[in-house]
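Structure first, then comments.
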Amino acid sequence: DTGVSQNPRHKITKRGQNVTFRCDPISEHNRLYWYRQTLGQGPEFLTYFQNEAQLEKSRLLSDRFSAERPKGSFSTLEIQRTEQGDSAMYLCASSSARTVSNQPQHFGDGTRLSIL
Amino acid sequence: EDKVVQSPLSLVVHEGDTVTLNCSYEVTNFRSLLWYKQEKKAPTFLFMLTSSGIEKKSGRLSSILDKKELFSILNITATQTGDSAVYLCAVEAGDDKIIFGKGTRLHILP
């Protein structure tokens, strides 16, 4: 399967712990996006990369959140000192165009985070 | 503030019915509008629309964009139980951000 891959699929942790998620995009895609989705809502943009450069960060991304894409391939999203409000599905998407108008994003299955 | 509004938020119909889902938007420097279907996991791509008045079709699904009135519709004819899902509308704005609506939850009764 050469789609977008996310790990882990589920993460349950206690409040205050740090968590890290990984996303492996489609191999030829140079753009990688992170979204957060809560129940009954559409995905909310968090940040995106073009190759290894982080080009945009949403104001939703507090200083407890950090994302990296060190070699322009896979990406990690880390949440420090998790809070109950961080419970959500974290979706990763990738695309290959210079602007997404040329090609749509392809999504991974997401990592579901539950904070106890 | 950029926004995408979908209606209705939920819809229940019988198998075989035709449904129309609506998406209106207000964004800076519109680039494209996208429709996705989301079942239990990842949203899957349906359509990308950039030009007004040109219908895109895929089987029983079709969609059209009106850039003057700032809306799009997604039609599904002869609905089947497998069409039950959340249908997401998203708009790409000039700053490369994608703004999603809340989605329409469609349930098809057998």
Side-chain angles (χ1 to χ4, degrees), chain A residues 1 3-10 23-26 29-51 53-61 88-112, chain B residues 1-10 21-25 27-51 56 58 63 65 67 72 74 85-107:
Chain A
D1 189 323
V4 178
S5 175
Q6 291 189 245
N7 288 289
R9 298 289 293 277
H10 303 276
C23 172
D24 288 88
I26 294 171
H29 285 183
N30 61 348
R31 281 202 166 183
L32 186 149
Y33 299 78
W34 285 100
Y35 294 88
R36 180 174 68 187
Q37 186 175 26
T38 54
L39 198 63
Q41 302 292 319
E44 296 173 293
F45 169 81
L46 293 178
T47 188
Y48 88 96
F49 294 83
Q50 179 150 317
N51 300 312
Q54 189 172 14
L55 296 185
E56 181 82 22
K57 289 172 66 172
S58 164
R59 63 179 184 274
L60 295 174
L61 214 66
M89 175 76 84
Y90 289 84
L91 292 165
C92 176
S94 69
S95 68
S96 66
R98 292 186 61 176
T99 68
V100 77
S101 296
N102 295 327
Q103 184 164 338
Q105 299 175 9
H106 296 266
F107 282 83
D109 284 343
T111 294
R112 183 170 294 283
Chain B
E1 183 181 345
D2 295 339
K3 62 180 180 181
V4 175
V5 179
Q6 292 186 245
S7 64
L9 290 181
S10 66
L21 310 183
N22 303 293
C23 176
S24 64
Y25 62 90
V27 298
T28 305
N29 297 326
F30 171 91
R31 285 189 178 173
S32 66
L33 184 144
L34 305 103
W35 284 97
Y36 286 86
K37 177 182 181 182
Q38 187 174 27
E39 296 174 88
K40 291 184 179 177
K41 298 175 184 174
T44 53
F45 171 74
L46 296 175
F47 297 111
M48 173 182 277
L49 303 156
T50 55
S51 301
K56 293 213 172 181
S58 176
S63 182
L65 173 67
K67 290 168 74 174
S72 174
L74 175 68
V86 175
Y87 289 84
L88 294 166
C89 174
V91 173
E92 183 200 5
D95 53 3
D96 292 335
K97 266 191 281 191
I98 308 291
I99 304 115
F100 279 84
K102 291 186 177 182
T104 293
R105 183 172 296 277
L106 177 64
H107 185 65

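Every chain is numbered from 1, with letters handed out A, B, ... down the list of sequences. Every heavy atom of this structure was used, including side-chain atoms; hydrogens, water molecules and symmetry mates were not.
Minimum interatomic distance between A:P43 and B:L88 (heavy atoms only, all atoms of both residues): CD-CD1, 3.8 Å. Nearest heavy atoms, B:A42 versus A:F107: CB-O, 3.7 Å. Pairing each heavy atom of B:Y36 with each of A:P104, the nearest pair is OH-CB, 4.0 Å.
For a residue to count as touching a neighbouring chain, one of its non-hydrogen atoms must lie under 4.5 Å from one of that chain's; by this rule A:R112 does not touch chain B. Of the two parts of B:Q38, only the side chain, counted from C-beta on, holds a non-hydrogen atom closer than 4.5 Å to a non-hydrogen atom of chain A. Only the side chain of A:Q37 comes within less than 4.5 Å of a heavy atom of chain B; its backbone N, CA, C and O stay farther away.
Going from atom OH of A:Y35 over to atom CD1 of B:I98 covers 5.0 Å, rounded to the nearest 0.5 Å. Distance check: A:F45 CZ to B:F100 CZ gives 11.0 Å after rounding to the nearest 0.5 Å. Atoms NZ and CD, on B:K102 and A:E44 in that order, are 9.5 Å from each other to the nearest 0.5 Å. To the nearest 0.5 angstrom, A:Q105 atom CD is 8.5 Å from B:M48 atom CE.
Most heavy-atom pairs under 4.5 Å with chain B, from the set A:D109, A:L91, A:L55: that is A:D109.
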